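Take a look at the structure below.
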Number of protein chains: 2
Amino acid sequence: MRRELTSKGRATRERIIEGAAAVLREKGVAFTTLEDVMARTHTSKGQLFHYFPEGKDELLVAVARLEADRVLEDQQPYLGSLDSWEAWERWRDVVIERYEAQGDSCPLGSLFQQVGRSTPGARAVVVEMTRRWQESLAAGVRALQAAGRLPADVDVDRRAAALLAAIQGGVSILLSTGRSAHLRAALDQGLADLRRAGDGPA
Amino acid sequence: MRRELTSKGRATRERIIEGAAAVLREKGVAFTTLEDVMARTHTSKGQLFHYFPEGKDELLVAVARLEADRVLEDQQPYLGSLDSWEAWERWRDVVIERYEAQGDSCPLGSLFQQVGRSTPGARAVVVEMTRRWQESLAAGVRALQAAGRLPADVDVDRRAAALLAAIQGGVSILLSTGRSAHLRAALDQGLADLRRAGDGPA
DNA sequence: CGTAAAGTGGACCCGACAGTCCATTCAACG
DNA sequence: CGTTGAATGGACTGTCGGGTCCACTTTACG
């Protein structure tokens, strides 16, 4: 089903996705039109539909995929070695800083919220993304266990799921209220509790 | 600025808001048109703009306000007396059940996500709603303290904020993936941790 | 070269939908 | 009653924006 693309073609396609991602980050899914993307990427309607025959939805999915990869890749340096409490705290700071910097435009949050329900394939991207992110967190928890800083009976998956939910919830609230207090609280509390699971009883 | 409304007028206004809320719950903000609302409520364009001169946005804010009240009112029986662990668990079950039943249509979530950013007054509604909800949770935590089931040095506000974020995050993930596992995990874990803060060190 | 396929530009179409306007009906009240 | 303002109905407008189409240009390749 994939058309052949020359190197020029691939470049243009890339440019469109990147540009669309930028526009989406600035204006949000709801207020972004194809014309916006065209203006930003110096392309024409023809090209847009040449590279994304299914139209807007297909483009959005492509952007979602890009942003998803980017978010994870972005955190990889921190997510990759969560084997000490200091590492976890550094990670937490990065997450908070990142989202505060973005202010109230979350490339993924809004994208998922809006696109996730409309198209069928889009939801798959979201599910996959969630799975990968949670898996990274779970790996971090396991690293703590391996390092002997956390007892073996901690429910790793539940912890990871709860942490992911904490981030999402904090971001969600940040997006709609403009305040990051909840994100902070959720992560601080989540980490503190995880830590207590180590020091505490058990 | 408020026009005089006869009793008939007030009834119609109510009917419009209720009907709009129903439609929004079913179709989501993005896909709901004024025509949908008109059809559902047996009203005409004229009436819509008669009662909501600012147009769609004003109507959406009205609905958001209604739904916000409804959600809190709905949980009040449980939120109101969170002075035992059993009460907290009952509350958690109700929350999960409620959201699972709604499936992937959250009257508030999507409403806030979409409306919250567009209009200025809408954001205020969201902030207010967040504040009230968190306050209810905080009251519950304090009730636990008062009942001697939780040490006094627990950071009540942080706990409440984290719990709220957990709910929001869980719901957010439920909405975009269709799975409630994260909501469950977040609430279970949050409660377990709160409980441990009571039994545990300290 | 030449020709076929990929790439590019943009005019055009059309449905959807928010919002306007006015004519008509209804109800309160002196 | 009659008149005034609220309540209602719905035709109409304008715009926005996704999607189609086709003419034209560039690139790949024998």
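Model, not experiment: these values are computed from the prediction. Convention: sequence-line order gives letters A, B, ...; per-chain numbering from 1. Only heavy atoms go into these numbers, but all of them, side chains included; no hydrogens, no water, no symmetry mates.
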Measure [atom1]/[X] against [atom2]/[N] and give the value in whole Å, please.
X       : N      : atom1 : atom2 : result
B:Phe52 : C:dT20 : CZ    : P     : 16 Å
B:Arg10 : C:dA28 : CZ    : C1'   : 14 Å
A:His50 : D:dA23 : NE2   : P     : 18 Å
A:Phe49 : C:dG9  : CZ    : P     : 16 Å
B:Glu14 : D:dA7  : CD    : C1'   : 16 Å
A:Lys45 : D:dG18 : NZ    : P     : 7 Å
B:Glu54 : C:dG19 : CD    : P     : 10 Å
B:Tyr51 : C:dG19 : OH    : P     : 19 Å

Phosphate oxygens OP1/OP2 of D:dT8: is one of them under 4.0 Å from a side-chain N or O of B:Thr43?
-> no

side-chain hydrogen bond (donor to acceptor under 3.5 Å, both in side chains) partner of B:Asp193, the single match among A:Arg196, A:Gln189, A:Arg159 |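 For B:Asp193, the side-chain hydrogen bond (donor to acceptor under 3.5 Å, both in side chains) check succeeds only for A:Arg159.
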
When we call it a touch if two heavy atoms are under 4.0 Å apart, what does B:Gly9 touch: a base, just sugar-phosphate, or nothing?
-> sugar-phosphate

Quick one: label B:Lys56 by what it contacts on the DNA or RNA (base, sugar-phosphate, nothing), any heavy atom closer than 4.0 Å.
->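 Sugar-phosphate, backbone atoms only, no base.
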
Look up atom CZ in A:Arg184 and atom OH in A:Tyr99, then write down how far apart they are to the nearest 0.5 Å.
-> 15.0 Å

At their closest point, which heavy atom of A:Val37 faces which heavy atom of A:Thr43, and how far apart are they?
->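 Shortest heavy-atom contact: O-OG1, 4.3 Å.
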
Along DNA chain D (nearest heavy atom to each residue), the more 5'-positioned of B:Gly46 and B:Thr6 | B:Thr6

Is any NZ, NE, NH1 or NH2 atom of the basic residue among B:Glu128 and B:Arg131 found under 4.0 Å from an Asp or Glu carboxylate oxygen of the other?
-> yes

Using a strict cut-off of less than 4.0 Å between a Lys/Arg side-chain nitrogen and an Asp/Glu carboxylate oxygen, indicate whether A:Glu97 and A:Arg90 qualify as a salt bridge.
->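 Not counted as a salt bridge, because no side-chain N and carboxylate O are separated by less than 4.0 Å.
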
Nearest-nucleotide 5' precedence on DNA chain C, B:Lys8 against A:Ser44 | A:Ser44

Between A:Gln47 and B:Thr33, which is nearer to the 5' end of DNA chain C once each is assigned its nearest nucleotide?
-> A:Gln47

